[in-house]
2 protein chains.
Amino acid sequence: MVANREQIARAAIRRLNADPVASMTQIAESAGVSRATLHRHFASREELMGELGRLSVASWRQVLDDAGVDEAVAEGSAAAITAALDALCHHWIRDVEEFGFALTETGAYGHDELLIAVEEQHAREHAFYAAAQHAGVVRGDMSAVWIAHAAFGLLVGLREALRRGDIAVRDGERLLRESFLRGCAA
Amino acid sequence: MVANREQIARAAIRRLNADPVASMTQIAESAGVSRATLHRHFASREELMGELGRLSVASWRQVLDDAGVDEAVAEGSAAAITAALDALCHHWIRDVEEFGFALTETGAYGHDELLIAVEEQHAREHAFYAAAQHAGVVRGDMSAVWIAHAAFGLLVGLREALRRGDIAVRDGERLLRESFLRGCAA
DNA sequence: ATCGTTTGAGACAGTCATGTATCAAATCGA
DNA sequence: TCGATTTGATACATGACTGTCTCAAACGAT
């Protein structure tokens, strides 16, 4: 069985999605390689988690890019912001499916450059929600930071619902969008 | 320094809220006792986590009791359901402040009776949201199970926002209620 | 002050996870 | 086929954590 670094990283992500505290031995098994081979590709657990953190933040960045949040902020119109918000809900699904474990990962971000990248995405989100408030697209009676926390929380809920099989993947986007934008009250 | 079992458990909870992977040594420090004393009160980490799990589920049950969700389900009127929903948002704050760590705790529920108690509260919540749908108080175009996941997710978001000091405790209830019931869109 | 109880500090043993290293077997490419 | 490379299995060392135990000091009640 031959696996390259990226294949091993992908298998590690899938395993950690199902079992966030898997050991290196368990991760190697899931990747179909021996622990020795896992260590040859990633010198330590820290290096593996660092790589997974980079992949996760890259995916998050891609979601924001694909949704065009920066462009929407620059344009500032309600139409542009609304379209970006809609696209965000669309692209979040892929991210949650693949990197759900990273939503509540508590130890992966020990690297300075990784922490900086995380804060960068936070800043982009906050700027986006602030612009959305300014454009009258989202509520002004709650801070942009809270709105980002609410979205994050719903992504966690989505991850759990998917993990438990309580909702179908194809419903995920609609449920997320509706809950986030219009809430659960009738 | 003298501390009884309950004080130690409370201190453990506070520590785990701040650091979900604290060791027994760290937990003992936070409780102001030696590790030997911690072990005298709780024979093992498993016993301590079991006790904290019971306290957490008891608090969750208390929230549902205080909000009167079972009574509202039995009565079935929109007014009763709406009042219970409102009360739920009110009482959740206390629970999150105290037992926030338990929201994403992944190893505390190894005891059968504890698992049963957890499922019981899930069932009460699901019955409540189903009744709320029937009464036309919450949306019928998403399952009661998803609504429970959405609420859970927002509680996680609330925990993070409080942990980071991004929102004030006194705003927590309003932000939670508004986000959950009416969403973030303007 | 005395005595029984509790506590803290420290030592020890066992387990698990991680990192390191060795060597034979398997794989790959020419 | 052959040589170079990669891999898996295994052993070992280390550190962290947990549980257990001992004993002197501290504490509380009389």
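Just so it is clear: chains get the letters A, B, ... in the order the sequence lines come, proteins before strands, and each one is counted from 1. Keep in mind the model is a prediction, meaning the values are calculated, not measured.
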Which angle, to the nearest 10 degrees, lies between the helix axes at the two ends of the helix from C:dA1-D:dT30 to C:dA30-D:dT1, each defined by five pairs?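 Nearest ten degrees gives 40° for this helix.
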
For A:D95, what residues pass the side-chain hydrogen bond (donor to acceptor under 3.5 Å, both in side chains) criterion, not counting sequence neighbours?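 In terms of side-chain hydrogen bond (donor to acceptor under 3.5 Å, both in side chains), with neighbours along the sequence ignored, A:D95 is linked to A:S59.
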
Considering residues at least two apart in sequence or located in another chain, which fulfil the side-chain hydrogen bond (donor to acceptor under 3.5 Å, both in side chains) criterion with B:T37?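 B:S34.
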
Ion pair present between A:E29 and A:R35, side-chain N to carboxylate O less than 4.0 angstrom?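 Salt bridge: no.
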
Euclidean distance, atom [atom1] of residue [X] to atom [atom2] of [N] [Å, nearest integer]:
X: B:L38; N: C:dT6; atom1: CG; atom2: C1'; value: 15 Å
X: B:H41; N: C:dT5; atom1: NE2; atom2: P; value: 16 Å
X: A:N4; N: C:dT27; atom1: CG; atom2: P; value: 18 Å

Those residues that, when tested against [X], pass side-chain contact (heavy atoms from CB on, under 4.5 Å) (two or more places apart):
X: B:R10; value: B:E6, B:R14, B:L55, B:E98, B:F99
X: A:A43; value: A:E47
X: B:Q121; value: B:V57, B:W60, B:R61, B:L64, B:R124
X: B:R164; value: A:E119, A:H122, A:H149, B:D166

Nucleotide by nucleotide, nucleotides 16-25 of chain D touches protein heavy atoms under 4.0 Å in the pattern (B base, S sugar-phosphate only, - none) --BBB-B---

With sequence neighbours left out, write down each residue that passes ring-ring contact (aromatic ring centres under 6.0 Å, His included) with B:W146, or none if nothing qualifies.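 For B:W146, no residue satisfies ring-ring contact (aromatic ring centres under 6.0 Å, His included) once neighbours in sequence are set aside.
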
